[in-house]
Number of protein chains: 2
Amino acid sequence: MSVKTRSKESPEMYLKSIYQLGETDDLVAISALAAHLSISPVSATEMIHRMVSRKLVQHIPYKGIRLTEKGRKQALAVIRRHRLWERFLTDRLGLPWERVHDVACQLEHAAGPEVTEALAADLGYPRKCPHGNPIPTAEGEMPDPEGINLLELTPGEMARVEVIQPEDTEILEHLSSRGLALGVELQVIEIAPFDGPRTLSIGDRKVVIGKEMASCITVQPVSI
Amino acid sequence: MSVKTRSKESPEMYLKSIYQLGETDDLVAISALAAHLSISPVSATEMIHRMVSRKLVQHIPYKGIRLTEKGRKQALAVIRRHRLWERFLTDRLGLPWERVHDVACQLEHAAGPEVTEALAADLGYPRKCPHGNPIPTAEGEMPDPEGINLLELTPGEMARVEVIQPEDTEILEHLSSRGLALGVELQVIEIAPFDGPRTLSIGDRKVVIGKEMASCITVQPVSI
DNA sequence: CCTTAATTTAAGGTTTACCTTATAATAATC
DNA sequence: GATTATTATAAGGTAAACCTTAAATTAAGG
């Protein structure tokens with residue numbers, strides 16, 4: 001038996017965040033990272049220094065940070081565990097997909113490769129998490145995401161929901177309550193002037209969602 | 001997103017230990033607790049103070065400690081989660097029972113009641129962990145253990161293995177490699193003089209195990 | 001009763017991961 | 001080139017859990 005405080009947890013959160021933020025920008029600003037993790041930039045800088053000394057990230061002062069290959073591998077391992085646990089929670093335990101993120105955040109730090117791969121096997125090697133995000137492979141590769149942003153659709157176009165990005169349960173429940181879910185087919189009815197809120201047709205109802213929200217949804221256009 | 005260090009982990013380990021040690025003795029010596037957790041008695045005392053202020057344990061100076069009702073409930077909740085995860089790891093992921101304890105130790109801290117009960121349901125509300133220990137109920141009751149200690153058997157008696165207590169993987173693999181496993185039937189062939197090592201007949205082989213080891217095994221006598 | 005052993009308290013230290021406030025350095029823009 | 005905003009560093013603090021060493025207290029046995 002041993003107690004010892006788990007020290008890998010925080011760095012793993014950082015790795016995940018840096019990876020995610022790094023998908024859009026090559027160099028991630030520490031201030032952006034701090035905001036994403038809801039911590040002060042000073043604390044983030046401190047931690048980055050520790051992670052630099054562990055060769056997990058590369059820091060270009062006044063420019064930003066970037067994962068090293070080692071850091072990238074670790075980040076993908078954490079993301080893999082996270083998304084596999086999410087699948088487990090929905091597929092095996094029947095929890096609603098809107099609510100599995102937070103639990104998976106706890107579980108993701110507690111499972112070595114042996115358990116992770118056994119879990120993946122049990123789940124039938126799923127390729128996507130319940131929100132539609134691709135699950136990194138055991139070899140540390142992130143499959144290319146498919147689809148386009150909902151914002152890119154023009155009125156009249158139809159599409160199938162591929163990814164619902166937000167991690168916040170409240171937001172997801174909001175979207176879910178309006179019929180938005182993975183695989184659902186929708187049609188853009190109208191875009192308010194000046195690139196404003198979208199009016200969508202989902203099933204037999206009309207739903208209006210703001211630009212902010214719409215940008216978090218990835219879709220696959222389908223021919224009418 | 002939030003980082004913040006998980007502070008419930010250590011107290012939960014203490015609760016588990018105190019519960020386990022409290023099964024044999026009403027009052028648990030802090031030194032015994034410290035030894036069980038591999039920490040210094042001074043550190044243990046410190047933590048006990050914190051737990052007393054949270055009304056989890058009762059401390060009678062120079063005598064020992066005891067769980068309060070609140071502490072007992074929490075301890076049983078942790079043990080329930082632990083044993084359910086163990087069952088999950090063996091039953092669903094196919095990991096060997098000798099090796100699931102450590103992983104379960106990580107998972108036990110990461111699951112609220114919702115997840116725990118969904119897990120219990122998925123597993124079919126098992127009543128015992130893979131080592132034969134009873135799983136506390138969701139209501140916070142610990143089922144009475146059945147069986148007697150292997151030490152109590154006399155030569156010639158036959159019995160079925162009910163519980164294999166040790167948590168150490170090495171020890172468990174040692175026992176496993178000699179054919180000892182839950183449900184296995186054995187017969188006591190001989191007890192060395194002065195209450196010494198036992199020679200057991202398991203299947204078609206003879207196995208000698210020391211008193212220490214034997215005391216960790218609970219059996220159910222079966223008529224010949 | 002007195003000594004020994006166990007227990008507790010005190011004092012000071014460590015690590016991790018956070019915080020704030022303030023100053024210094026750099027980048028970007030006017 | 002000077003100003004502004006961002007970024008970094010410095011300094012000092014907090015909290016949880018651990019550590020050691022040393023002194024004080026209490027229990028228990030001869």
Side-chain angles (χ1 to χ4, degrees), chain A residues 1-18 21-22 25-66 71 74 78 105-106 108-110, chain B residues 1-18 21-22 25-66 71 74 78 105-106 108-110:
Chain A
M1 196 125 315
S2 76
V3 187
K4 316 288 174 206
T5 316
R6 175 202 314 309
S7 62
K8 65 171 193 279
E9 198 161 322
S10 277
E12 285 189 352
M13 296 298 267
Y14 278 74
L15 286 175
K16 264 203 326 182
S17 286
I18 299 167
L21 296 171
D25 313 273
D26 177 37
L27 278 172
V28 176
I30 291 189
S31 54
L33 174 65
H36 195 250
L37 290 166
S38 307
I39 57 176
S40 79
V42 180
S43 298
T45 305
E46 244 180 11
M47 176 62 104
I48 289 305
H49 288 331
R50 266 171 256 151
M51 292 176 77
V52 164
S53 73
R54 283 181 227 169
K55 309 231 191 298
L56 294 170
V57 299
Q58 178 191 358
H59 183 202
I60 303 170
Y62 296 101
K63 294 289 190 174
I65 54 177
R66 188 189 338 223
Q74 281 195 25
V78 179
C105 264
Q106 306 291 116
E108 74 191 6
H109 308 292
Chain B
M1 199 136 299
S2 76
V3 186
K4 316 288 175 209
T5 316
R6 178 205 313 309
S7 61
K8 63 171 194 278
E9 199 162 320
S10 276
E12 284 189 352
M13 296 298 269
Y14 278 74
L15 287 174
K16 264 203 324 183
S17 288
I18 298 167
L21 296 172
D25 313 271
D26 178 36
L27 278 172
V28 175
I30 289 189
S31 55
L33 174 65
H36 195 249
L37 289 166
S38 307
I39 57 178
S40 78
V42 179
S43 298
T45 306
E46 244 180 9
M47 176 61 106
I48 289 304
H49 286 333
R50 267 172 255 151
M51 292 175 78
V52 164
S53 73
R54 282 181 228 169
K55 308 227 191 301
L56 294 170
V57 298
Q58 180 191 355
H59 182 203
I60 303 170
Y62 297 99
K63 295 290 187 173
I65 54 177
R66 187 188 331 211
Q74 282 195 26
V78 179
C105 263
Q106 305 291 114
E108 75 192 6
H109 308 291

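Letters A, B, ... mirror the listed sequences (proteins, then strands); counts begin at 1.
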Closest approach to the side chain of A:Thr45, judged atom by atom: which nucleotide of D:dT9, D:dA17, C:dC18 is it?
D:dT9
For B:Gln74, the side chain to side chain donor-acceptor pair (under 3.5 Å) test, sequence neighbours excluded, returns none
Whole-Å distance separating the CE atom of A:Met47 from the P atom of D:dA8:
16 Å
Distance below 4.0 Å between B:His59 side-chain N/O and C:dT7 OP1 or OP2:
no
Could you list all the salt bridge (Lys or Arg N to Asp or Glu O under 4.0 Å) pairs where at least one residue sits in residues 26-37 of chain B, not counting sequence neighbours?
B:Asp26-B:Arg66
Sorted by chain and number, sequence neighbours left out, side chain to side chain donor-acceptor pair (under 3.5 Å) with A:Ser31 holds for none
Partner set under side-chain contact (heavy atoms from CB on, under 4.5 Å) for A:Lys55, not counting sequence neighbours:
none
Scan the side chains in residues 39-49 of chain A for donor-acceptor partners under 3.5 Å anywhere in the protein, sequence neighbours excluded, and list what turns up.
| from | atom 1 | to | atom 2 | distance (Å) |
| --- | --- | --- | --- | --- |
| A:Ser40 | OG | A:Ser43 | N | 3.1 |
| A:Ser40 | OG | A:Ser43 | OG | 3.0 |
| A:Thr45 | OG1 | A:Pro41 | O | 2.8 |

Could you state the CD-P distance from B:Glu9 to D:dC18, rounded to the nearest angstrom?
10 Å
Side-chain N or O of B:Arg50 less than 4.0 angstrom from OP1 or OP2 on D:dA17?
yes
Taking every non-hydrogen atom, the tightest pair across B:Lys16 and B:Cys105:
NZ-SG, 3.6 Å
For D:dC18, does either OP1 or OP2 sit under 4.0 Å from a side-chain N or O belonging to B:Ser10?
yes
To the nearest Å, how far apart are A:Met51 CE and C:dT16 C1'?
14 Å
Would you say a side-chain N or O of B:Ser31 is under 4.0 Å from OP1 or OP2 of C:dA6?
no
Calculate the interatomic distance between B:Glu46 atom CD and C:dA10 atom P; express it in whole Å.
12 Å
Please enumerate all protein N or O atoms sitting under 3.5 Å from an N or O of nucleotides 20-24 of chain C, with distances to 0.1 Å.
none

Of the non-hydrogen atoms in A:Arg54 and A:Pro11, which two are nearest, and what is the gap between them?
NH1-CG, 3.8 Å
Separation of B:Leu27 atom CG from D:dA27 atom P, in whole Å?
13 Å
When you check the phosphate oxygens OP1 and OP2 of D:dC18, does a side-chain N or O of B:Tyr14 lie under 4.0 Å from one of them?
yes
Could you work out which one of C:dC18, C:dT9, D:dA8 sits closest to the side chain of A:Pro61?
D:dA8
Can you check the A:Leu33 CG to D:dA8 C1' distance for me, whole Å?
15 Å
Distance, rounded to the nearest Å, where B:Lys63 contributes NZ and C:dT7 contributes P:
11 Å
Can you check the B:His49 NE2 to C:dT7 C1' distance for me, whole Å?
10 Å
